[in-house]
Amino acid sequence: MTRHGKNCTAGAVYTYHEKKKDTAASGYGTQNIRLSRDAVKDFDCCCLSLQPCHDPVVTPDGYLYEREAILEYILHQKKEIARQLKAYEKQRGARREERKELQRAAAQDQVRGFLEKEAAIVSRPLNPFTPKAASGPGPDDAQAGPSAAGPAGKDKDKDKAEKSRPVMQA
């Protein structure tokens with residue numbers, strides 16, 4: 001070995017002899033430790049329950065199961081799926097109710113906004129059945145027209161009415 005090789009301790013080379021020595025010292029990685037009696041099931045044991053089979057069933061892949069363990073597993077899965085489905089339906093119903101509530105709130109907001117805009121447009125309600133003289137000064141008095149021209153406009157209307165009447169002479 002060269003002089004620099006002795007100082008190189010960060011090498012990636014782990015020799016067979018070093019591995020064998022470490023394995024013997026630690027006991028890890030040997031056949032005795034890795035594969036103990038607990039790690040290997042008996043030939044006649046079920047893959048689900050790890051108990052000896054009384055009514056065995058073999059799959060095409062070669063796995064051995066107890067018929068009762070399979071049926072218990074299927075029943076357990078059916079119950080679990082039913083429970084999850086019930087929880088899903090409950091959650092879905094809650095979401096549906098939440099959406100309906102949001103739609104109701106949005107509709108109420110639209111109605112409220114519409115009513116506020118309508119209230120801002122008309123300051124007071126107008127009654128079409130009351131005469132204009134009785135209603136007092138209002139927004140209709142400000143409109144321009146021949147009858148709203150003032151006293152001079154009323155005199156013109158009287159003159160027109162007198163001219164249209166036939167004059168009787170005695």
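Computed from a predicted model, the values in this text were never measured in an experiment.
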ILVMFWY network linking L50 to I70, side-chain heavy atoms under 4.5 angstrom: no

One pair to check against side-chain contact (heavy atoms from CB on, under 4.5 Å): E118 and F114. What are the steps and the verdict? CA-CA 6 Å; E118 285 292 314; F114 176 77; 3.7 Å; yes

With sequence neighbours excluded, what pairs up with I81 under the side-chain contact (heavy atoms from CB on, under 4.5 Å) test? none

Do any pairs count as a salt bridge (charged side-chain N to carboxylate O under 4.0 Å, His left out) and have a residue in residues 105-115, sequence neighbours left out, and if so which ones? D109-R112

Who are the salt bridge (Lys or Arg N to Asp or Glu O under 4.0 Å) partners of D61, not counting sequence neighbours? none

For residues L48 and L71: do they belong to one hydrophobic cluster (side chain heavy atoms under 4.5 Å, members Ile, Leu, Val, Met, Phe, Trp, Tyr)? no

Who pairs with L115 by side-chain contact (heavy atoms from CB on, under 4.5 Å), at least two apart in sequence or on another chain? V111

Acceptor/donor pairs from residues 90-102 side chains to any protein atom, 3.5 angstrom cut, sequence neighbours excluded:
{"residue": "E101", "atom": "OE1", "partner": "R104", "partner atom": "NH1", "Å": "3.0"}

So E66 and V57, side-chain contact (heavy atoms from CB on, under 4.5 Å) or not? Walk me through it. CA-CA 6 Å; E66 174 76 28; V57 178; over 6 Å; no

Among residues two or more places apart or on two chains, list those pairs meeting salt bridge (charged side-chain N to carboxylate O under 4.0 Å, His left out) that have a residue in residues 70-84. E80-R83

Point-to-point distance, once rounded to the nearest 0.5 Å, from CD of Q110 to CD of Q108: 11.0 Å

For C47 and Y65 the tightest heavy-atom approach is CB-CE2, 3.6 Å

Between C46 and Q51, is a side-chain contact (heavy atoms from CB on, under 4.5 Å) present by the stated rule, with each step listed? CA-CA 6 Å; C46 173; Q51 300 296 320; 5.7 Å; no

Who clusters with Y88? Use side-chain heavy atoms, under 4.5 angstrom, across I, L, V, M, F, W and Y, and order the result by chain and number. L85

Locate the shortest heavy-atom distance separating C45 from C53; write the atom from each residue and the value. C-SG, 3.9 Å

On a heavy-atom basis, which atom in P56 and which in L64 lie closest, and how many Å separate them? CB-CD1, 3.6 Å

